[in-house]
Amino acid sequence: GAGVSQSPSNKVTEKGKDVELRCDPISGHTALYWYRQRLGQGLEFLIYFQGNSAPDKSGLPSDRFSAERTGESVSTLTIQRTQQEDSAVYLCASSLRAQGTGAFTYEQYFGPGTRLTVT
Amino acid sequence: KQEVTQIPAALSVPEGENLVLNCSFTDSAIYNLQWFRQDPGKGLTSLLLIQSSQREQTSGRLNASLDKSSGRSTLYIAASQPGDSATYLCAVRGSQGNLIFGKGTKLSVKP
């Protein structure tokens, strides 16, 4: 079946502009995660959604970052007033659900990412 | 705060060699550990997932072990091939649901 898709694949924007990044998770996956990977750095968690529960925003680096999810489908990550330090690859992942029975957990499947360059 | 470390940062081996990549984490209260490979310009491909109750997982030439008490995991690659060249990432999942990643080991397999 189709995997996680993200759009656009590349985005170049001027400092100060707003950008929206889109993620389409695997159909039926109720959990959706956003991460970013800055050059030479490891992946950093940003935010995750589980079904209709309130999202876990604990990884968002500033109030310029926000994300929405429509039901259990598409998610958009919005960065307002972009700064050069926002330049990174933004990766989206989905899993069947965030937590299984007991300590059982589900695999996260990643999209190809959106490379954001802020000039 | 959970921290994940991967050693070595880079590794170059001749084709056919068996190799081990190392991952360590500071908090043993994990739910699972996942190994990924990342190819340049591409997303992450999941290789193996080890639940907290498991000790190892195998897929083809790959074997991953998990020792929660010592905070370590190893990824063993048998009979390495040039196509194995990529960055290998280790990630642990805590109670929050998100993955915490190491910075990766960049593997180069020379023909």
Side-chain angles (χ1 to χ4, degrees), chain A residues 3-7 9-10 23-26 29-51 53-60 67 89-115, chain B residues 1-7 9-10 21 23-55 57 59 62 64 66 68 86-106:
Chain A
V4 178
S5 60
Q6 293 186 245
S7 61
S9 55
N10 280 284
C23 172
D24 283 87
I26 293 172
H29 280 196
T30 63
L32 185 147
Y33 309 80
W34 283 98
Y35 298 85
R36 75 174 175 182
Q37 186 175 31
R38 289 187 282 191
L39 190 63
Q41 302 295 313
L43 274 84
E44 305 170 73
F45 163 71
L46 297 176
I47 185 170
Y48 98 88
F49 299 86
Q50 169 56 61
S53 302
D56 178 348
K57 303 179 182 179
S58 58
L60 294 178
V89 176
Y90 289 82
L91 291 158
C92 174
S94 72
S95 66
L96 194 59
R97 51 186 64 90
Q99 184 66 40
T101 303
F104 184 83
T105 54
Y106 294 91
E107 198 165 348
Q108 292 186 23
Y109 297 88
F110 281 76
T114 293
R115 181 175 297 278
Chain B
K1 179 186 174 185
Q2 179 73 272
E3 292 184 0
V4 180
T5 303
Q6 292 187 246
I7 295 173
L21 307 181
C23 172
S24 62
F25 45 96
T26 54
D27 185 349
S28 62
I30 63 170
Y31 279 60
N32 70 34
L33 184 144
Q34 228 172 317
W35 282 94
F36 297 86
R37 77 174 269 169
Q38 185 174 32
D39 295 278
K42 297 186 179 180
L44 277 64
T45 301
S46 179
L47 298 173
L48 291 164
L49 180 148
I50 311 176
Q51 301 288 348
S52 62
S53 58
Q54 297 174 324
R55 295 298 298 264
Q57 283 287 330
S59 176
L62 304 179
L66 174 63
K68 275 181 54 178
T87 297
Y88 289 80
L89 297 170
C90 165
V92 298
R93 182 198 184 281
S95 58
Q96 286 185 294
N98 56 285
L99 292 173
I100 300 166
F101 285 83
K103 292 188 177 181
T105 293
K106 187 174 182 180

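In this text, all values refer to a predicted model and were calculated from it rather than measured experimentally. Scope of the values below: all heavy atoms of this structure, side chains included, with no hydrogens, waters or symmetry mates. Convention: sequence-line order gives letters A, B, ...; per-chain numbering from 1.
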Problem - Rounded distance (nearest 0.5 Å) linking atom OH of A:Tyr106 with atom OG of A:Ser94 - result: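 Here the interatomic distance stands at 13.5 Å.
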
Practice task
Can you label the angle between the B:Phe36 ring and the B:Phe101 ring as parallel, tilted or perpendicular, going by 30° and 60°?
Solution key: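 Ring orientation, 0 to 90° scale: tilted.
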
Side chain, backbone, both or neither: which part of [X] has a non-hydrogen atom closer than 4.5 Å to chain B?
| X | result |
| --- | --- |
| A:Leu91 | side chain |
| A:Ser58 | side chain |
| A:Tyr35 | side chain |

What part of [X] gets within 4.5 angstrom of chain A, counting heavy atoms only: side chain, backbone, both, or neither?
| X | answer |
| --- | --- |
| B:Leu99 | both |
| B:Leu44 | both |
| B:Gln6 | neither |

Exercise for the section: Hey, could you give me each pair passing salt bridge (Lys or Arg N to Asp or Glu O under 4.0 Å) that has a residue in residues 29-40 of chain A? Not counting sequence neighbours. Expected result: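 Only A:Arg36-A:Glu44, A:Arg38-A:Glu44 qualify under salt bridge (Lys or Arg N to Asp or Glu O under 4.0 Å).
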
Exercise for the section: Sort and list the pairs that fulfil salt bridge (Lys or Arg N to Asp or Glu O under 4.0 Å) and have at least one residue in residues 24-33 of chain B, not counting sequence neighbours. Expected result: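 Those involving residues 24-33 of chain B do not exist here.
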
Exercise for the section: Compute whether any side-chain donor of one residue and acceptor of the other, for A:Gln50 and A:Thr30, lie under 3.5 angstrom apart. Expected result: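 There is such a pair between these side chains.
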
